[in-house]
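Encoded as structure tokens, the structure appears first; notes follow it.
Being a predicted model, the structure only gives us computed values, none of them experimental.
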Amino acid sequence: MLDLYGTSLSNRLLLGTARYPSPAILADAVRASRTEIVTVSLRRETAGTSKSGTFFELIRTLGVRVLPNTAGCHTVSEAVLTAKMAREVFATDWIKLEVIGNHDTLQPDVFGLVEAARILSGEGFKVFPYMTDDLVVAERLLEAGCAVLMPWCAPIGSAMGPINLSALRSMRAHFPDVPLIVDAGIGRPSHAATVMELGFDAVLLNTAVAGAGDPVAMAAAFAGAIEAGRSAHHAGLLEPRDMAIPSTPVIGKAVFS
């Protein structure tokens, strides 16, 4: 079981809800993924409108836990305000915290992220920070009150997969008891399996499913890949070798002259 802020979960895939071809496909993809948590972006310009109300009602009917996020926020004050609005709308103190620092890569502003995390943690929020794979930033976020970390493996929506496996390995090794969820950059089920094989606890993704030719089938594929990666990690992976080793023993082999 995966424990996030005292909540036990049996599924290790967190799914975003943006950019699906239709609400019906979104609903079917969520069911196919077997996810127990979906992320939802609350934008101030749409909060409270009839359109957003219909969307939020659909999410509620899926029977999953909502993890609101502060997507699109570029300042600490904007992220904190959006988090407070999300708490009112969704009646949850969970928040996926994003403070974007670079327009091209959507890389987080780690300085603003730590500041916002400290403010929100002090006000009772359970913060899920979207961060880079930097160990020092991770330490600062834990000190700020976060009990979960969400490092990227590549820029949001890039589908490049894990571009720095060494950094991800280091993060897992340095924080063995902290729930680590890889967020952003996953493009294929094999990418998800790879990070789960490293020992990460879960994967959060959106574009790889929503942008697929068949989002429902892709959601199911990711669900299977994450389970396979997790099982492989616990089974004990064979490390790469720099020489060939025969799988069939040569001792006792018949010799013909």
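- Looking at R140, its side chain never comes within 3.5 Å of a backbone N or O of V114 through a donor-acceptor pair.
- Checked by atom type and distance alone, the side chain of E36 pairs as donor or acceptor with a backbone atom of N11 at under 3.5 Å.
- When all heavy atoms of C153 and I186 are compared, the closest pair comes out as SG-CD1, 3.8 Å.
- Among all heavy-atom pairs drawn from L15 and S33, the shortest one is CD2-OG, 3.8 Å.
- At distances below 3.5 Å, not a single donor-acceptor pair connects side-chain atoms of T39 with backbone N or O atoms of L67.
- Using a distance-only test at 3.5 Å, with no hydrogens or angles considered, no donor-acceptor pair links the side chain of S231 to the main chain of A228.
- The two residues L13 and A219 come nearest to each other via the heavy atoms CD2-O, 4.3 Å.
- Between the side chain of T70 and the backbone N or O of A83, no donor-acceptor pair lies under 3.5 Å.
- Between Y130 and I100 the shortest side-chain heavy-atom distance falls below 4.5 Å.
- Counting all heavy atoms, side chain and backbone alike, G185 lies closest to S158 at CA-OG, 3.9 Å.
- Taking both residues in full, the closest heavy atoms of I95 and A86 are given as CD1-CB, 4.2 Å, listed atom of the first, atom of the second, then distance.
- No donor-acceptor contact under 3.5 angstrom links the side chains of Q107 and T132, judged on distance only.
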Inset, instruction - Report the C-alpha separation of I37 and T7 in whole Å, then their side-chain angles, then the decisive distance to 0.1 Å, and conclude whether the side chain to side chain contact (heavy atoms under 4.5 Å, CB included) test is met. - result: CA-CA 11 Å; I37 299 176; T7 296; over 6 Å; no
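- The side-chain heavy atoms of K96 and D183, taken from C-beta on, include a pair separated by under 4.5 Å.
- Of the possible donor and acceptor atoms, one in the side chain of D201 sits under 3.5 Å from a partner among the backbone N and O of L180.
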Legend entry - Trace of the side chain to side chain contact (heavy atoms under 4.5 Å, CB included) decision for R12 with V203: CA-CA 7 Å; R12 294 174 182 270; V203 169; over 6 Å; no
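- In the hydrophobic clustering of this structure, V137 groups with L97; members are Ile, Leu, Val, Met, Phe, Trp, Tyr whose side-chain heavy atoms approach within less than 4.5 Å, directly or through other members.
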Inset, instruction - Run the numbers on E139 and H174 for side chain to side chain contact (heavy atoms under 4.5 Å, CB included), then give the verdict. - result: CA-CA 10 Å; E139 290 280 9; H174 277 75; 5.9 Å; no
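- With hydrogens and angles ignored, the 3.5 Å screen pairs no side-chain donor or acceptor of R60 with any backbone N or O of G63.
- The backbone N or O of R230 sits nowhere less than 3.5 Å from a side-chain atom of H233 that would complete a donor-acceptor pair.
- Taking the six-membered ring for Trp and thresholds of 30 and 60 degrees, Y5 and W94 have ring planes inclined between 30 and 60 degrees apart.
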